[in-house]
Protein chains: 2
Amino acid sequence: MEPVKIPPIAISRLSVYARHLALLEQKGEEVISSGRLANMCGGNPAQIRKDLAYFGEFGVRGVGYYVKELLFEIRKILGADKKWRLGLVGVGNLGSALLRHAPFSDRGYAFVAAFDGKPDRIGMKIEGIQVEPLNSINHAIQEKRIEIGVIAVKPDLAQSVANRLVRAGVSGILNFAPAQIQCPLHVCIENVDFSLKLDMLCYRLTTPESNR
Amino acid sequence: MEPVKIPPIAISRLSVYARHLALLEQKGEEVISSGRLANMCGGNPAQIRKDLAYFGEFGVRGVGYYVKELLFEIRKILGADKKWRLGLVGVGNLGSALLRHAPFSDRGYAFVAAFDGKPDRIGMKIEGIQVEPLNSINHAIQEKRIEIGVIAVKPDLAQSVANRLVRAGVSGILNFAPAQIQCPLHVCIENVDFSLKLDMLCYRLTTPESNR
């Protein structure tokens with residue numbers, strides 16, 4: 001059987017479902033209807049059923065979904081049932097904020113190392129993590145078994161930092177620098193670019209006929 | 001004539017083209033081929049031509065694009081040829097980093113006010129902007145003609161902050177809180193959610209057959 005191609009947007013929606021299910025679990029709710037879940041997530045029930053159908057059969061007709069069970073399954077699908085070890089490069093304003101970003105640790109992501117190129121930042125401690133120089137990247141990534149490198153340096157340094165991370169053996173990169181990074185095919189990259197989102201917003205404000 | 005529906009991803013790509021054109025302009029380059037521009041942006045020449053064709057005819061056959069002219073036109077399309085006035089709500093770690101985020105100001109976005117709910121943060125000055133209490137939002141948004149509200153508060157406060165911003169008259173919201181915000185239809189929202197990107201990355205790392 002040909003594997004079904006799952007659209008990335010469906011994966012993003014699964015993350016959102018998981019987030020709301022976790023809140024429901026915290027509140028001690030055991031069952032939720034697809035209608036109510038859709039309402040919480042800002043979608044519609046048919047979409048939820050379709051997104052979940054890529055991965056199997058979930059939910060009970062006439063009852064809804066068992067919160068704990070569905071959350072467990074979605075986490076497994078997303079790979080969020082394990083702890084991921086992150087290494088940060090660049091502890092400027094944004095990087096420091098990322099180290100302190102509570103939603104990351106809430107969801108099983110743990111920064112275990114931080115690196116910076118500026119001598120005056122080496123040795124600083126942020127959230128219990130001591131900042132190391134760039135030339136420690138190779139050793140630390142391997143020793144601390146870091147799987148994901150997070151890049152929060154200036155755009156002109158982003159590619160060389162990515163190269164170091166790839167050489168050290170990370171398999172994924174989350175890039176916050178507004179720069180196009182090239183990596184070998186076996187490394188996954190996701191980009192977070194605030195300015196693009198702001199540009200998009202301004203385009204929509206400038207062009208009222210655009211899809212709001 | 002029916003207006004052509006322009007895919008949001010094309011708009012994101014225009015932003016990326018503009019970013020690289022601005023770099024070329026700084027370097028004093030006058031002309032660029034679609035091939036080289038595509039190379040810089042990590043795309044392909046046909047895509048660039050297609051994206052630009054939504055908005056008119058640009059470039060000269062056998063020559064390429066005039067850097068300054070194309071940059072001017074794309075900025076006009078994106079609404080980036082004007083200064084946008086931003087108000088930030090939430091000056092925690094992330095919010096403070098946003099106020100100091102150089103790429104914003106480089107591109108015509110200016111924070112002109114900042115608000116927070118915590119008494120000990122009121123009066124603080126960050127990048128020359130004095131932090132005001134939440135109940136100043138209405139007055140300040142109007143007085144300072146703020147068009148875009150940037151939300152960097154905890155998820156459980158995001159909706160009430162959005163309501164205040166909408167009542168005060170912003171037309172766009174850039175939301176960094178990992179929460180689903182409901183707004184009236186005349187207000188545009190863009191969400192920046194780091195955790196979703198990280199979830200997506202981990203899904204791709206967990207599922208090697210997924211589209212890398």
Side-chain angles (χ1 to χ4, degrees), chain A residues 3 5-6 8 11-12 14-16 18-20 40-42 77-80 82 84 86 92-94 96-98 100-101 103-104 107 109 147-148 155 171-174 178 180 182 185-186 188-207 209-212, chain B residues 3 5-6 8 11-12 14-16 18-20 40-42 77-80 82 84 86 92-94 96-98 100-101 103-104 107 109 147-148 155 171-174 178 180 182 185-186 188-207 209-212:
Chain A
K5 185 100 169 176
I6 299 159
I11 304 301
S12 293
L14 287 188
S15 298
V16 175
R19 177 181 298 165
H20 287 282
M40 290 175 73
C41 302
I77 293 165
L78 293 174
K82 61 163 270 184
W84 291 91
L86 275 51
N93 297 310
L94 178 62
S96 314
L98 291 174
R100 299 187 181 103
H101 193 55
F104 279 171
R107 307 182 75 176
Y109 300 114
E147 298 150 302
I148 295 175
S171 33
I173 289 179
L174 186 66
Q180 207 69 33
Q182 315 283 346
L185 277 179
H186 69 275
C188 294
I189 307 187
E190 288 284 337
N191 296 293
V192 184
D193 193 327
F194 311 155
S195 305
L196 290 191
K197 287 280 185 177
L198 203 42
D199 287 350
M200 177 67 81
L201 189 59
C202 293
Y203 169 75
R204 290 168 65 201
L205 293 174
T206 311
T207 319
E209 68 271 24
S210 70
N211 174 25
R212 294 195 155 197
Chain B
K5 184 102 167 173
I6 299 159
I11 304 301
S12 293
L14 287 188
S15 297
V16 174
R19 180 182 297 167
H20 288 281
M40 291 174 73
C41 301
I77 293 166
L78 292 174
K82 62 164 268 184
W84 291 90
L86 275 51
N93 297 310
L94 178 62
S96 314
L98 292 174
R100 298 187 181 104
H101 194 55
F104 279 171
R107 306 181 75 175
Y109 300 114
E147 299 150 301
I148 294 175
S171 34
I173 289 180
L174 186 66
Q180 208 68 32
Q182 315 283 346
L185 277 179
H186 69 274
C188 293
I189 307 187
E190 288 284 336
N191 296 293
V192 183
D193 192 327
F194 310 156
S195 303
L196 290 192
K197 287 282 185 175
L198 203 40
D199 286 351
M200 177 66 83
L201 190 58
C202 292
Y203 169 75
R204 291 168 63 201
L205 294 174
T206 311
T207 318
E209 67 271 25
S210 69
N211 174 24
R212 294 193 156 198

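Just so we're clear, the structure is a prediction, and the values are computed from it rather than from any experiment. Values reported hereafter were calculated over all heavy atoms of this structure, with side chains retained and with hydrogens, waters and symmetry mates removed.
- Annotation for P155(A) and P178(A): closest pair CB-O, 3.7 Å, computed over non-hydrogen atoms.
- With chain A as the partner, the residue from A80(B), C202(B), S195(B) showing the most heavy-atom pairs under 4.5 Å is C202(B).
- We find that R19(A) and D193(B) are joined by a salt bridge, their nearest charged nitrogen and carboxylate oxygen being less than 4.0 Å apart.
- Ranked by non-hydrogen atom pairs under 4.5 Å with chain A, the options N93(B), V192(B), L201(B) are led by L201(B).
- Using a 30° and 60° split on the angle between ring planes, F104(B) and Y109(B) fall in the perpendicular class, above 60°.
- Between chain B and the residues R100(A), H20(A), M200(A), the most heavy-atom pairs under 4.5 angstrom are made by M200(A).
- Contacts between S96(A) and chain B at a heavy-atom distance below 4.5 Å are absent for every atom of the residue.
- Between T206(A) and G79(B) the shortest heavy-atom distance is OG1-CA, 3.4 Å.
- Looking at heavy atoms from C-beta onward, L94(A) lies in side-chain contact with F194(A) at the 4.5 angstrom threshold.
- Contacts between I189(A) and chain B at a heavy-atom distance below 4.5 Å involve the backbone alone (N, CA, C, O).
- For the set L86(A), I77(A), L198(A), the count of heavy-atom pairs under 4.5 angstrom toward chain B peaks at L198(A).
- Looking at I173(A), the atoms closer than 4.5 Å to chain B (heavy atoms on both sides) all sit in the backbone: N, CA, C or O.
- Shortest non-hydrogen contact noted between V16(B) and C41(B) is CG1-CB, 4.0 Å.
- The contact between N191(A) and chain B is made entirely by backbone atoms, counting heavy-atom distances below 4.5 Å.
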